[in-house]
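Everything on this sheet refers to the single structure shown next.
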Amino acid sequence: MSIQQSDVLYTAVATAENGRDGRVATNDGQLDVVVNPPKEMGGSGAGTNPEQLFAAGYSACFQGALGVVARNENADISGSTVTAEVGIGKNDEGFGLIVKISATIPNVDEAKAKELIEKAHQVCPYSKATRGNITVELV
């Protein structure tokens, strides 16, 4: 379910110059990076790229969702990490994305870790935004 503008708590603002081969910066100056296509896509690979930025945001958001779920279940996720792998490739409409999310949760058994990851996937705003649009694999 979507939120209404009146429900918004924070809005991130970023502006790109020259698309995938230029620069992107936030209005508050906290992020200001050169973006270049990766070498695998014919670019210089000298800067970051949109897929890396998406992977960074998704992994941080998912880790936050994991924390919410863990608090609700009194599960200890200290020392946990979340990694997002974002792939880009050609599809029928041009290009598309695919994501693999993996989490390491050292203080719970494998079954509980899997349960927490599945629940975090239901809570995470990035997961909600991508659901039904791109393949997201949980490992």
Side-chain angles (χ1 to χ4, degrees):
M1 176 184 240
S2 15
I3 63 172
Q4 302 300 312
Q5 187 62 39
S6 60
D7 297 322
V8 172
L9 301 174
Y10 168 75
T11 300
V13 179
T15 302
E17 299 170 3
N18 296 323
R20 295 183 69 88
D21 205 0
R23 175 179 164 262
V24 65
T26 56
N27 66 326
D28 63 3
Q30 293 297 312
L31 179 72
D32 189 341
V33 294
V34 171
V35 290
N36 299 116
K39 290 180 180 180
E40 296 85 348
M41 294 179 68
S44 70
T48 189
N49 59 66
E51 293 71 39
Q52 288 176 327
L53 295 169
F54 187 73
Y58 202 159
S59 62
C61 189
F62 200 96
Q63 178 78 44
L66 186 60
V68 168
V69 169
R71 279 189 297 282
N72 289 340
E73 301 206 3
N74 294 318
D76 179 7
I77 64 159
S78 58
S80 66
T81 60
V82 173
T83 301
E85 298 176 41
V86 176
I88 183 170
K90 292 186 178 186
N91 65 14
D92 292 341
E93 291 96 35
F95 287 89
L97 299 175
I98 187 168
V99 175
K100 184 188 299 183
I101 300 283
S102 57
T104 301
I105 310 172
N107 297 321
V108 299
D109 64 37
E110 189 175 331
K112 184 64 174 179
K114 184 173 178 153
E115 176 188 333
L116 292 171
I117 292 165
E118 291 286 345
K119 288 181 177 180
H121 188 48
Q122 298 308 308
V123 173
C124 176
Y126 275 61
S127 292
K128 289 179 181 180
T130 59
R131 192 166 289 119
N133 297 310
I134 65 173
T135 299
V136 176
E137 177 187 3
L138 304 176
V139 294

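The figures that follow rest on heavy atoms only: side chains count, while hydrogens, waters and symmetry mates do not. Residue indices begin at 1 and follow the sequence shown.
- For the pair N107 (side chain) and S78 (backbone), a donor-acceptor distance under 3.5 Å is present.
- The two residues A120 and A65 come nearest to each other via the heavy atoms O-CB, 3.7 Å.
- In this view, D32 and R23 satisfy the salt bridge (charged side-chain N to carboxylate O under 4.0 Å, His left out) rule, not counting sequence neighbours.
- Atoms CG and CD1, from L97 and I88 in turn, are 5.5 Å apart once rounded to the nearest 0.5 Å.
- For the atom pair T11 OG1 and L9 CG, the distance stands at 9.0 Å (nearest 0.5 Å).
- Heavy atoms only, all atoms of each residue included: L116 and A75 are closest at CD1-CB, 3.9 Å.
- The backbone N or O of N49 sits less than 3.5 Å from a side-chain atom of Q52, completing a donor-acceptor pair.
- When all heavy atoms are compared, the tightest approach of S80 to L66 is OG-CD2, 4.3 Å.
- In this structure, the separation between CD1 on I105 and CD on E115 is 10.5 Å, given to the nearest 0.5 Å.
- By the 6.0 Å contact criterion, CD on E110 is open, its count of non-hydrogen atoms from other residues, nucleotides or ligands being 12 or less.
- A donor-acceptor contact shorter than 3.5 Å is absent between the side chain of R131 and the backbone of V136.
- The two atoms that bring G19 and V35 nearest to each other are O-CG2, 3.4 Å, heavy atoms only.
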Decide salt bridge (Lys or Arg N to Asp or Glu O under 4.0 Å) for E118 and K114; before the verdict, give the C-alpha distance in whole Å, the side-chain angles of both, and the deciding distance to 0.1 Å. CA-CA 6 Å; E118 291 286 345; K114 184 173 178 153; 5.2 Å; no
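- Residues Y58 and H121 share a closest heavy-atom pair of OH-CE1, 3.9 Å.
- Side-chain atoms of T26 come within 3.5 Å of backbone N or O of L31 as a donor-acceptor pair.
- N72 contributes no side-chain N or O that, together with a main-chain N or O of V69, makes up a donor-acceptor pair within less than 3.5 Å.
- Applying the salt bridge (charged side-chain N to carboxylate O under 4.0 Å, His left out) definition to pairs two or more places apart or across chains, those involving residues 49-71 are R20-E51.
- When each of V99, V86, I98 is paired with I134, the side-chain contact (heavy atoms from CB on, under 4.5 Å) condition holds for V99 and for no other.
- Heavy-atom minimum distance, I101 versus V82: CG2-CG1, 4.0 Å.
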